[in-house]
Amino acid sequence: MDHHDIARVLGEIAALLELQGENPFRVRAYRTAARTLSAYGGDLREARAAGALPELRGLGPATLEMVEELLDTGTCRMLEDLRDQVPPGLVDMLRIAGLGVAKVRQIHNSLQVDSLGELEVAARDGRLASLPRFGWKTAEKILKGIQFLRQADGALLVHHARAAAAELVGVLEALPEVVAVHRAGSLRRGTELVRDLDLVVVARDAPASLAERLREGRVAEFTQASETAITLRLTGGTVVDLFPCTPDRLGFVLLRATGSEPHLQQLAARAAARGLRWTAEGLVRSDRPLAAPTEDAVYAALGLPWIPPELREGRGEVDAAAAGRLPCLVERRDLRGFLHCHSAYSDGADTIAVWADAARAEGYDYLGLTDHSPATAFTGGLAAEAIPRQHAEIDAANARGSGARVLKGVEADILEDGTLDYAPAVRRQFEFVIASVHTRFGMDAEQLTARVLRAMDDPSMTVLGHPTGRLLLSRDPFPLDLDRVFACAADRGIAIEINADPQRLDLDWRVLRQAVTAGVTIAIGADAHGVANMDHVDLGVAIARKGWLTADHILNTRSADEFLAFARRRR
DNA sequence: GCCGTTTTCGGCCCGACTGTTTTCAGTCG
């Protein structure tokens, strides 16, 4: 169990307590503890050995004891008891937009509904709409929510998938017959959601013994082995496909396990055109399998250079490779600026000095600090009166000189009418402005597009933040007319963000080529609320790569002075 | 349940929208 798993358990406990009608502040305490753990950057076992756990804000005697119990046993009594007392379907219902604890309890108590299936029936036959303070709109919204949950079923956010894969790779690498483990599938291609984990296991021994080992080692609650793959289901439901192979076949097996299906189909077609056969065993020329120790060797046999996994979506990469026109994709080390982060001046966890030092340690030249503006009240947005104090602190951090250079930015709300938060004179105190929509998502496409376009008229705006507002697995993107927004952004010299928060990853990679073709500059923003989440930038870089972007397309590959010049040109 | 101070217990994030009802509870960001 790592800190993410433990955070999830505490979060579930909070939900279960809430459903039982427990004191809301006690519930909140568990949520706070969960948040603390999920943002924790280090190794919990090491921290515990060093006696550092009690130092963590939000962990007290009770939650600390629970963390230790989970670290030692992988389970916790309180959770088991609560699960016995509360139907599990009620926790699922809480994930439906528009349903909170009060309504779920009302539904459960008056209709005896305790699963999503029963809820769906009640929403269809009118019982739900007849409850006090419910109506047909609520019933419809709930049906939509159930559908959304079903669609999302089994999908993992990419940072959760990465964490699960890392743990499993560690277990596999420790087995004596395992030579190496390679990540494959959508995880390797850098997609925003991962349905199942694919790992290629280079092993000396036959696959059967590997399956046996995993069964013994209680790695999974379910194991099934076939000729070419071992399928596991981890506790929690995540499905893992392991592809065992010997070193001489690694290239082909890895390529095949990475996909995507359209990419492989195009490769197979190319093989056929060159007199080769693409079989489950490998590439075959006149009944002789070709050697395939590396992916390079397989691509070379097809007359192609190696294609980066992020591009393997069947969207023109095979033709581009054949023509020698693959893009030179942006890399994390090309980024000189770390953009979009929140300090303790709004809802961030860390001070400005801590941010500056962390950014320097990660190799950035500058840090674009962007606390929330006051309109997003729940974040404790930066009040106009507090700006001089914040800027003095930034000046002090910059004068100290040990950290990355801190730029004075802000994430200003795009208000309902399309104006930006703060008076214009106040906004001019900042060196750059990320403007984002945080409220009123219910507008139709025309109203929303007009709202964003109006915001882009504002000369202080530098970057449009998380442009479509989506929250993966929980909220659809809002219906923005991207063609018009791209055209306007290109015309005004406003950059559009790839927000690297794993819940957002917004813009979607599928529209990035359209954006840069329209002339838009892209900014990769971390949207980090603590230095522990700095590595989310990697996810944003993967999305940029999936969109075929090079370093030249990205605003924060430029120097701090060039970045500021980009912002100033608009004023 | 946690925190911070008041050192032993009181306070803990809040404003606005939605769908309902016809004045407001519940949810959300």
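Order of the sequence lines sets the chain letters (A, B, ...), proteins ahead of strands, with each chain counted from 1.
Checked against B:dC2, B:dC17, B:dG19, the side chain of A:A29 finds its nearest nucleotide in B:dC2. Comparing atom distances between the A:E416 side chain and each of B:dC12, B:dC17, B:dG29 picks out B:dC17 as nearest. Residue A:R440 places its side chain closer to B:dT18 than to any other of B:dG26, B:dT18, B:dA25. For A:A102, taking side-chain heavy atoms from C-beta onward, the closest of the listed nucleotides B:dT27, B:dT20, B:dC2 is B:dT27.
Nucleotide B:dC14 forms a pair with B:dG29, judged by Watson-Crick or G-U wobble geometry with both contacts under 3.5 Å.
Between A:K137 and B:dG19 there is a side-chain N or O to OP1 or OP2 distance below 4.0 Å. In terms of phosphate contacts, A:R26 brings a side-chain nitrogen or oxygen within less than 4.0 Å of OP1 or OP2 of B:dG1. OP1 or OP2 of B:dG1 has not a single side-chain nitrogen or oxygen of A:R31 nearer than 4.0 Å.
Exactly one residue among A:L507, A:I434, A:D527 makes a side-chain contact (heavy atoms from CB on, under 4.5 Å) with A:E497. That residue is A:I434.
B:dC12 and B:dT18 are spaced 27 Å apart, taking the C1' atom of each and rounding to whole Å. B:dC17 sits 38 Å from B:dT6 when the C1' atoms are compared, rounded to a whole Å. Taking atom C1' on both B:dA16 and B:dT23, the two are 16 Å apart, rounded to the nearest angstrom. The gap from the P atom of B:dG26 to that of B:dT20 amounts to 14 Å, rounded to the nearest Å. Using C1' as the reference atom, B:dG10 and B:dG15 are 24 Å apart when rounded to the nearest Å. Rounded to whole Å, the separation between the C1' atoms of B:dC13 and B:dC28 comes to 13 Å. Taking atom C1' on both nucleotides, B:dA25 is separated from B:dT21 by 11 Å, rounded to a whole Å. Taking atom P in both B:dC14 and B:dC9, one finds a spacing of 25 Å when rounded to whole Å.
A salt bridge is defined here as a Lys NZ or Arg NE, NH1 or NH2 lying under 4.0 Å from an Asp or Glu carboxylate O, and A:E192 with A:K546 fails to meet this definition. A salt bridge does not link A:R77 with A:E69: none of the charged nitrogens is closer than 4.0 Å to a carboxylate oxygen.
Atom CD of A:Q447 is surrounded by more than 12 heavy atoms from other residues, nucleotides or ligands within 6.0 Å.
Comparing A:L99 and A:P132 along DNA chain B, the residue whose closest nucleotide (by nearest heavy atom) sits nearer the 5' end is A:P132. Take the nearest nucleotide of DNA chain B for A:K103 and for A:W136: the residue whose nucleotide is more 5' is A:W136.
Within the 4.0 angstrom heavy-atom criterion, only backbone atoms of the sugar-phosphate kind lie near A:T63; the bases stay farther away. Among the heavy atoms of the strands, none lies under 4.0 Å from A:A33.
Using a 4.5 Å heavy-atom threshold, the side chains of A:L16 and A:Q85 count as separate.
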